[in-house]
2 protein chains.
Amino acid sequence: MATDVLVAEPGATLATIASAAGVSRTTLHSHYPTRQALLRAVAERAMRVCAEAISGAAEGGGDVLARVVAALVPVGAHLAFLWRNPSFDHDPELGARWLEIEGELRDVLEVAREEGSLSADLPDWWSVHALFALVYVASENIFLGRLAPLDAPGLVLATLTSRRDAIPARIGRPR
Amino acid sequence: MATDVLVAEPGATLATIASAAGVSRTTLHSHYPTRQALLRAVAERAMRVCAEAISGAAEGGGDVLARVVAALVPVGAHLAFLWRNPSFDHDPELGARWLEIEGELRDVLEVAREEGSLSADLPDWWSVHALFALVYVASENIFLGRLAPLDAPGLVLATLTSRRDAIPARIGRPR
DNA sequence: AGCATTCTGAACATGAGTGTTCAGGATCGA
DNA sequence: TCGATCCTGAACACTCATGTTCAGAATGCT
């Protein structure tokens, strides 16, 4: 998928992207007339993936916070793409779309607060940003091989909520 | 300063950077033969700034954690530059230098743990990454005008340590 | 087999950023 | 005032990604 290449190398050539996608550059151009169009399409897809992860976790009862974190960690690469791509910084449309996603996550966190799994002291917008940032860092460390995928959600949860029970036994420090 | 331009627009032209720095492109080339050389120089400077913030905060007794967070927030732009610039991802030298900086922060956090201001449950490397990520997010929100600079350290501290007293009264939610 | 659609490789034009050179101007200390 | 040093603007060649075009091959449907 084009996302993978663009995450690894944001400045990748269209030729590189095309060959990674298994098509010719000409075909790529026929689908996405310009580079900008391709980037936007990938960005929109990345946002959709994130949004689906969030809304998927929102359904069902129980520990919503744990579910949303666990759902977001695997899509960390998409987060990285959106996050690190400078060309989206000043794009109003994508910015608005992202605000929507932040809103969805904010709703989820609101439920988590009612459940008591998230401290009610911090402003909600901050919790949203902190969550995204921690998930991103976790997925980056997974990518670098420093963190086991199954341990990541626990670390993020523990940091975000100071719930000791969330810390994976494998990596927790001796108490 | 070149950093400011490069943070705002990582792909900025040498002409843009030069004019922002108040010199001609020719002069810029005389100082830094290639674009790569310039980027490296800015990166090294950014790392030095971060390192100095950390080591500066390490001196003196009392709440080390609060001091290091407060010292790092203002250099968030440098963090952003290092963080978001793809060309550093595979640079062994810069990577090694950054590991040193992480080590310095890890030492500071070790002291903070002994002081009792930081939970001893999480792995130290994770605390380092989480701290950087939260500081980055805070400084980004400062840049966007959503967060008052003086409130930022409190938010980061509160998230990292669940110390309720660190939450700025201005932005804390009603309890 | 016939037809339509899609993909492909190659070629080409274009534009933009980069790096180089150089002659002349500005600055500053002796 | 002289000389050294640094800065400047302009011009130039070069590289490279991009976008376009097109004739032909491949695929798939009827």
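When reading the values below, keep in mind they use all heavy atoms of this one structure, side chains included, and skip hydrogens, waters and symmetry mates. In the text below, chain A, chain B and the rest are named by the order of the sequence lines, each starting its count at 1.
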Legend entry - Residue pair A/Glu115, A/Val111: steps toward the side chain to side chain contact (heavy atoms under 4.5 Å, CB included) verdict: CA-CA 6 Å; A/Glu115 282 182 356; A/Val111 176; 4.2 Å; yes
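Looking at B/Val42 and B/Tyr32, their side chains never come closer than 4.5 Å, going by heavy atoms from C-beta outward. Side chains of A/Val156 and B/Trp126 form a contact here, defined as non-hydrogen atoms less than 4.5 Å apart.
The stretch residues 4-24 of chain B touches DNA chain D through B/Gly22, B/Val23, B/Ser24, each having a heavy atom within less than 4.0 Å of the strand. Heavy-atom distances under 4.0 Å link DNA chain D to no residue of residues 80-89 of chain A.
The two residues B/His78 and B/Cys50 make their nearest non-hydrogen contact at CB-SG, 4.4 Å. In this structure, B/Pro92 and B/His90 approach most closely via the heavy-atom pair CD-O, 3.3 Å. Contact between A/Ser139 and A/Gly76 at its shortest, heavy atoms only, is OG-CA, 3.4 Å. Considering all non-hydrogen atoms of both residues, B/Arg35 and B/Ile17 come closest at NH2-CD1, 4.4 Å. In plain terms, the two heavy atoms of B/Arg45 and B/Thr3 that are nearest each other are NH1-OG1, 3.3 Å. Nearest heavy atoms, B/Phe88 versus B/Leu39: CZ-O, 3.6 Å.
The distance between atom CG of B/Leu28 and atom P of C/dG19, rounded to the nearest whole Å, is 10 Å. The interatomic distance linking A/His31 (NE2) with C/dC7 (C1') rounds to 9 Å, in whole Å. Straight-line distance from the NE2 atom of A/His29 to the C1' atom of C/dT8: 14 Å, rounded to whole Å. If you measure from atom CD of A/Gln36 to atom P of D/dA17, you get 18 Å, rounded to the nearest angstrom.
Contact annotation: A/Thr27 reaches the phosphate of C/dT8 (side-chain N/O to OP1 or OP2, under 4.0 Å). Taking side-chain N and O atoms only, B/Thr26 has no distance below 4.0 Å to OP1 or OP2 of D/dG9.
Without hydrogens or angle criteria, B/Arg25 side chain to B/Ala15 main chain gives no donor-acceptor distance under 3.5 Å.
Each end of the helix from C/dA1-D/dT30 to C/dA30-D/dT1 gets its own axis, taken as the rotation carrying the C1' atoms of four end pairs onto the next four within a five-pair window, and the two axes meet at 30° to the nearest 10 degrees.
For C/dG17, its base never sits under 3.5 Å from the side chain of B/Arg25 at any donor and acceptor pair.
In this structure, of C/dT8, C/dT18, D/dG19, it is C/dT18 that holds the atom nearest to the side chain of B/Arg35.
By the 4.0 Å N-to-carboxylate-O rule, B/Arg40 lies close enough to B/Asp91 to be salt-bridged with it.
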